[in-house]
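Just below is one structure, and these are the notes that go with it.
Values below: every heavy atom of this structure, side chains too, minus hydrogens, waters and symmetry copies.
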Amino acid sequence: MFLEKSKKGENTTIAEINYVLGIKDKNVGLQKKVRSEVMNSINEKFSFLYPNHKQLIGNTRSQEDKRYFEYYVEEQNFGLIETVLTGKTLS
């Protein structure tokens, strides 16, 4: 989801992430905790595989409501993600 939206130049919202993680109907505190754990886990695994890169999933404040974050993947990492997801090597 992050990759596809980022390729379109869009960020992924908290609501979209909650839906994918299956926590959309849980309380806000639990949603935040689960999202944080998942993002940290993904970024830790990415930095283990690619130590020269800081993180895979970044965040930015929402333009509509500055209290919330939206998430994205930087364009420079698109090829690396596709390699990991497909198991193919970079050419």
Side-chain angles (χ1 to χ4, degrees):
M1 174 180 63
F2 290 116
L3 179 60
E4 294 305 315
K5 290 199 67 143
S6 293
K7 281 183 170 182
K8 296 177 187 174
E10 301 172 2
N11 291 332
T12 304
T13 65
I14 288 175
E16 293 168 320
I17 295 168
N18 289 345
Y19 180 79
V20 169
L21 295 176
I23 57 173
K24 66 180 178 75
D25 297 324
K26 305 294 182 187
N27 71 59
V28 175
L30 181 63
Q31 289 176 353
K32 185 176 181 179
K33 180 178 184 278
V34 170
R35 272 195 321 271
S36 176
E37 288 174 355
V38 168
M39 298 302 163
N40 288 337
S41 176
I42 291 170
N43 282 331
E44 284 175 20
K45 289 173 183 156
F46 180 75
S47 66
F48 177 77
L49 291 172
Y50 301 100
N52 295 332
H53 298 273
K54 290 184 180 179
Q55 63 183 15
L56 176 63
I57 299 172
N59 61 29
T60 184
R61 294 278 178 187
S62 170
Q63 293 298 319
E64 290 86 37
D65 190 339
K66 299 291 184 191
R67 295 176 296 174
Y68 299 106
F69 284 102
E70 294 180 337
Y71 298 85
Y72 63 92
V73 174
E74 291 188 20
E75 188 174 350
Q76 68 187 21
N77 294 328
F78 290 176
L80 296 174
I81 297 172
E82 289 171 340
T83 299
V84 170
L85 294 174
T86 63
K88 295 180 181 177
T89 57
L90 288 173
S91 32

Do Ser36 and Lys32 have side-chain N/O donor and acceptor atoms under 3.5 Å apart?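 Side-chain D/A pair, Ser36 to Lys32: absent.
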
With under 30° as parallel and over 60° as perpendicular, where do the rings of Phe2 and Tyr71 fit, or are they tilted in between?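 Taking Tyr71 first and then Phe2, their aromatic rings stand perpendicular (interplane angle over 60°).
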
Tyr50 vs His53 aromatic rings, parallel, tilted or perpendicular, using cut-offs 30° and 60°?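 Aromatic pair Tyr50/His53 classed perpendicular.
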
Give the minimum heavy-atom separation between Leu56 and Asn43, together with the two atoms involved.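 In terms of heavy atoms, the two residues are closest at N-OD1, 2.8 Å.
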
Least distance between heavy atoms, Asn27 atom then Leu30 atom: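 That would be OD1-N, 2.8 Å.
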
Counting only heavy atoms not in Glu75, do more than 12 sit closer than 6.0 Å to its CD atom?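 Open.
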
Hydrophobic clusters here meaning ILVMFWY residues chained together by side-chain heavy-atom distances under 4.5 Å, can you tell me if Ile81 and Tyr72 are in one?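 Ile81 and Tyr72: separate clusters.
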
Can Leu49 be reached from Leu85 by stepping across I, L, V, M, F, W or Y side chains whose heavy atoms are under 4.5 Å apart?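 Yes.
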
Which value, rounded to the nearest 0.5 Å, describes the distance between Glu70 atom CD and Glu10 atom CD?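 Glu70 atom CD to Glu10 atom CD measures 10.0 Å (nearest 0.5 Å).
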
Could you grab the distance from atom OG1 of Thr83 to atom CG of Asn77, nearest 0.5 Å is fine?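 CG of Asn77 is found 11.0 Å from OG1 of Thr83.
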
Identify, with sequence neighbours excluded, every residue that meets side-chain hydrogen bond (donor to acceptor under 3.5 Å, both in side chains) alongside Lys7.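 Lys7 satisfies side-chain hydrogen bond (donor to acceptor under 3.5 Å, both in side chains) with Glu82 only.
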
Using a 3.5 Å distance criterion without hydrogens, assess whether the side chain of Ser41 forms a donor-acceptor pair with backbone atoms of Glu37.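 Checked: no pair found.
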
Considering only heavy atoms from C-beta outward, does the side chain of [X] approach that of [Y] to under 4.5 Å?
X	Y	value
Leu80	Phe46	yes
Phe69	Ile17	no
Lys33	Lys26	no

Where at least one partner belongs to residues 15-25, residue pairs that pass side-chain hydrogen bond (donor to acceptor under 3.5 Å, both in side chains), sequence neighbours excluded: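 Every pair satisfying side-chain hydrogen bond (donor to acceptor under 3.5 Å, both in side chains) with a residue in residues 15-25: Lys5-Glu16, Thr13-Glu16, Asn18-Gln31, Asn18-Arg35.
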
Lys NZ or Arg CZ of Arg61 over Tyr68 ring: under 6.0 Å, within 45°: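 Verdict for Tyr68: no cation-pi partner in Arg61.
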
Salt-bridge contact Lys8-Glu4 (side-chain N to carboxylate O under 4.0 Å):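 Looking at Glu4 together with Lys8, the answer is no, because their closest N to O distance does not fall below 4.0 Å.
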
